[in-house]
Amino acid sequence: MTINGDMILGRRTERGGAGEVRSADPARGAALEPGFGTATPEQLAAACELAEQAFDAYRAVSLEPRARFLEAIADRILDIGPALIERASQESGLPLARLEGERGRTMNQLRLFAKVVRDGHFLEATLDSALPQRTPPRPDLRMRKIPLGPVAVFGASNFPLAFSVAGGDTASALAAGCPVVVKAHNAHLGTSELVAKAVQQAAIECGMPDGVFSMVIGEGNQIGQDLVGHPAIQAVGFTGSRQGGLALVRIANSRPIPIPVYAEMSSINPVFLLPGALAAGGAKLASGFIDSLTLGVGQFCTNPGLVVALAGPQLNAFRAAAVDALQAKTAGTMLTAGIHQAYVHAIGRRSGLEGVELVAQGSAEGAGCAARAALYQCDAATYLADPALEEEIFGPTSVIIACRDEAEMLAVTRHLEGQLTATVHATDADHGTAASLLPLLERKVGRILFNGFPTGVEVAHAMVHGGPFPATSDSRSTSVGATAIERFLRPVCYQDVPAGLLPEALRDGNPLGLARVVDGTLTVR
């Protein structure tokens with residue numbers, strides 16, 4: 001499989017006719033070959049119209065062939081071999097081992113959703129039998145969920161595989177029965193083309209409708225605006241900045257018929273260090289925290305950007321150990337020159353804030369888009385008074401908040417914006433304080449961890465990778481885990497519909513063998 005600089009429009013491979021862009025090697029600051037053609041308005045419209053034309057045929061594909069399609073995508077991605085990992089590393093600066101793991105996660109997501117499709121639970125088939133003798137009579141009522149329609153997916157900068165062309169948004173949308181139009185991230189165009197061709201190949205092999213998947217390329221904001229504004233698109237999956245996510249939300253809401261945007265945007269993922277945990281192993285906690293902070297050069301949406309603890313000797317010992325661990329970390333290459341520049345500027349602004357102390361920086365070694373980790377500290381009063389300290393800085397930096405007492409720690413917690421995660425380090429002796437924190441954290445975050453670190457999101461049925469605004473644009477959703485499929489579904493009720501016209505999931509005799517709720521009881525009948 002070769003990289004030619006092409007887009008994917010259904011079963012066609014086509015070069016964009018509006019201009020040319022290139023991805024770059026962030027370690028060397030060098031443009032990579034080949035150039036990629038950008039989509040004309042007509043090409044973008046063609047991708048959306050193909051998706052619309054494919055929708056009814058694709059949503060009618062039965063569960064087993066749809067599941068096999070998802071598995072075939074995983075297989076075709078693996079078939080690309082080392083060339084995919086090597087190109088992704090060139091375009092992102094990420095190490096080969098990290099990308100091999102990310103490829104595995106990408107395939108696991110696809111296979112998880114294949115299982116979700118086969119199980120059929122996502123349909124939520126529900127039947128209420130007619131009660132003709134009741135006064136008033138009850139009609140025969142049956143409900144299932146159906147897909148929304150074509151979905152626009154935006155590739156993310158920090159996960160060129162798992163949150164990109166065939167990542168979680170694409171996998172869950174295809175599982176739901178929605179055709180997908182992906183806007184490739186310009187930071188990893190070659191990687192995107194390779195994966196898009198794998199999806200296209202799987203679609204052809206599995207006999208999926210033309211237009212079930214397309215990938216377009218563009219420069220600037222206009223292509224994203226046009227994609228979200230196209231009337232064929234019925235939902236959006238996005239991972240990126242708050243500014244970018246909110247811009248898409250505004251476009252979607254200004255359409256004649258608004259559509260949902262599921263945007264994962266920003267989070268500082270607070271870590272609470274309770275006194276018992278600090279006393280039991282502050283140095284070990286510091287080492288784990290710094291490892292999490294600098295993992296992937298801090299370019300994870302779950303990066304621990306805030307530490308909250310009680311002031312005193314135990315916090316001082318933690319800080320000293322964290323300083324030692326951080327100073328031993330060499331600068332790492334960031335994903336793009338733009339991300340690196342934004343990080344450097346943000347660190348400069350934070351260093352100038354009154355009452356905020358820069359306590360440590362990583363080694364200055366490194367070239368190109370290399371970023372030094374930075375650790376700050378302030379007291380709770382300073383944090384509560386300065387909104388700038390709540391802003392996410394995308395990169396390896398965090399702030400320690402020293403609280404005078406538990407009441408101040410709870411005040412900091414109440415003050416937090418919505419987050420993807422919150423972490424609590426506690427021993428049995430801390431359970432009283434932890435019990436006070438938990439109800440507050442439930443209102444603030446999508447995932448609560450104990451005695452771990454937030455970087456690393458397991459692809460599983462129970463995972464929630466979402467949270468209240470501004471972590472996401474819709475706190476009811478998750479972009480990772482089996483329930484991510486729910487974003488792209490809506491319920492339809494069928495009242496007194498003739499048996500021969502009912503969808504299979506709702507027919508008497510349960511031909512699909514689904515677990516269904518029948519007259520209020522979960523059953524397989």
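- Atoms CG and CZ, from Leu123 and Arg144 in turn, are 7.5 Å apart once rounded to the nearest 0.5 Å.
- In the displayed structure, Ile257 atom CD1 is contacted under 6.0 Å by at most 12 heavy atoms of other residues, nucleotides or ligands.
- Under the 3.5 Å distance criterion, the side-chain polar atoms of Thr170 are matched with a main-chain donor or acceptor of Val165.
- A side-chain donor-acceptor contact under 3.5 Å links Ser473 to the backbone of Val261.
- When atom types are taken as modelled, the side chain of Arg487 and the backbone of Ala484 share a donor-acceptor pair closer than 3.5 angstrom.
- Residue Thr336 holds its OG1 atom at 9.5 Å from NE2 of His188, rounded to the nearest 0.5 Å.
- Side-chain contact between Thr126 and Pro491 is absent, with no heavy-atom pair separated by less than 4.5 Å.
- Thr472 contributes no side-chain N or O that, together with a main-chain N or O of Gly466, makes up a donor-acceptor pair within less than 3.5 Å.
- Using a 4.5 Å cut-off on side-chain heavy atoms (C-beta onward), Phe154 and Leu227 make contact.
- Side-chain contact, Thr302 with Thr421: no donor N or O sits under 3.5 Å from an acceptor N or O.
- Distance alone, capped at 3.5 Å, places no donor-acceptor pair between the Glu219 side chain and the Val21 backbone.
- Looking at heavy atoms from C-beta onward, Pro260 lies in side-chain contact with Leu148 at the 4.5 angstrom threshold.
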Note to self: Walk me through whether Val399 and Arg350 qualify under side chain to side chain contact (heavy atoms under 4.5 Å, CB included).
What the structure shows: CA-CA 10 Å; Val399 183; Arg350 179 161 289 179; 3.3 Å; yes
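- Remark: Arg372 CZ to Gln327 CD distance equals 9.5 Å, nearest 0.5 Å.
- Gln377 places no side-chain N or O within donor-acceptor distance of the main-chain N or O of Glu357, the cut-off being under 3.5 Å.
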Going by atom type alone, with no hydrogens or angles, which donor-acceptor pairs under 3.5 Å involve a side-chain atom of residues 408-418 and a protein atom two or more places apart or on another chain?
unit_1 : atom_1 : unit_2 : atom_2 : d
Glu408 : OE1    : Arg404 : N      : 2.6
Glu408 : OE1    : Arg404 : NE     : 3.4
Glu408 : OE2    : Arg404 : NE     : 3.1
Glu408 : OE2    : Arg404 : NH2    : 3.1
Thr413 : OG1    : Met409 : O      : 2.9
His415 : NE2    : Glu390 : OE2    : 2.8
Glu417 : OE1    : Arg242 : NH2    : 3.2

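- Around the CG atom of Asp291, the shell of radius 6.0 Å holds more than 12 heavy atoms that belong to other residues, nucleotides or ligands.
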Note to self: Let's go through Cys378 and Leu353 carefully: what are the C-alpha distance in whole Å and the side-chain angles of both, what is the deciding distance for side chain to side chain contact (heavy atoms under 4.5 Å, CB included) to 0.1 Å, and is it a yes or a no?
What the structure shows: CA-CA 10 Å; Cys378 68; Leu353 295 177; over 6 Å; no
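- Considering only heavy atoms from C-beta on, Val195 stays 4.5 Å or farther from Ser164 through its side chain.
- Side-chain N or O atoms of Thr106 include one that pairs as donor or acceptor with a backbone N or O of Ala162 at under 3.5 Å.
- The nearest pair of heavy atoms linking Glu102 to Pro160 is OE2-N, 3.2 Å.
- Distance CG/Asn303 to CG/Leu295: 8.5 Å, rounded to 0.5 Å.
- Residue Arg447 holds its CZ atom at 8.5 Å from CG of Leu420, rounded to the nearest 0.5 Å.
- By the neighbour-count criterion of 12 heavy atoms within 6.0 Å, atom CZ of Arg255 is densely surrounded, having more than that number from other residues, nucleotides or ligands.
- A tilted orientation is assigned to the rings of Phe289 and Phe318, their planes being inclined by 30° to 60°.
- Nearest heavy atoms, Val297 versus Pro396: O-CD, 3.1 Å.
- Between Leu94 and Ser89 the shortest side-chain heavy-atom distance does not fall below 4.5 Å.
- For the pair Asn269/Thr423, no side-chain contact is recorded, criterion being any heavy-atom separation below 4.5 Å from C-beta on.
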Next item on the list: Would you please test Glu391 and Arg349 for salt bridge (charged side-chain N to carboxylate O under 4.0 Å, His left out) and show each step?
Entry: CA-CA 11 Å; Glu391 296 175 3; Arg349 289 194 301 271; 5.0 Å; no
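- Remark: the backbone N or O of Gly218 is paired with a side-chain donor or acceptor of Asn186 at under 3.5 angstrom.
- Between Phe453 and His425, the distance from one ring center to the other falls under 6.0 angstrom.
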Next item on the list: Please report the C-alpha distance between Thr455 and Ser292 in whole Å, then the side-chain angles of each, then the deciding distance to 0.1 Å, and finally whether the side-chain hydrogen bond (donor to acceptor under 3.5 Å, both in side chains) criterion is met.
Entry: CA-CA 6 Å; Thr455 42; Ser292 179; 2.7 Å; yes
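- Between Phe394 and Gln299, the closest side-chain pair of non-hydrogen atoms falls below 4.5 Å.
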Next item on the list: Just do the side chain to side chain contact (heavy atoms under 4.5 Å, CB included) check on Phe488 and Ser172 with the steps written out, would you?
Entry: CA-CA 8 Å; Phe488 306 120; Ser172 54; 3.4 Å; yes
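- Within the 3.5 Å criterion, the main-chain N or O of His465 finds a donor-acceptor partner in the side chain of Thr478.
- The two residues Ala374 and Tyr343 come nearest to each other via the heavy atoms N-OH, 3.8 Å.
- For the residue pair Pro454 and Leu449, the shortest heavy atom distance occurs at CA-CD2, 3.8 Å.
- Geometrically, Arg98 engages Phe159 in a cation-pi contact defined by less than 6.0 Å to the ring centre and at most 45° from the axis.
- Here the closest heavy-atom approach between residue Asp474 and residue Ser477 is recorded as O-OG, 2.9 Å.
- With a 4.5 Å cut-off on side-chain heavy atoms, Ser351 and Tyr376 count as touching.
- The CD1 atom of Ile268 lies 14.0 Å from the SG atom of Cys301; values are rounded to the nearest 0.5 Å.
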Next item on the list: Kindly determine whether Phe469 and Met265 satisfy side chain to side chain contact (heavy atoms under 4.5 Å, CB included), including the steps that lead there.
Entry: CA-CA 9 Å; Phe469 183 88; Met265 297 181 293; 3.7 Å; yes
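- Of the possible donor and acceptor atoms, one in the side chain of Ser398 sits under 3.5 Å from a partner among the backbone N and O of Leu306.
- Annotation for Val151 and Gly237: closest pair CG1-N, 4.4 Å, computed over non-hydrogen atoms.
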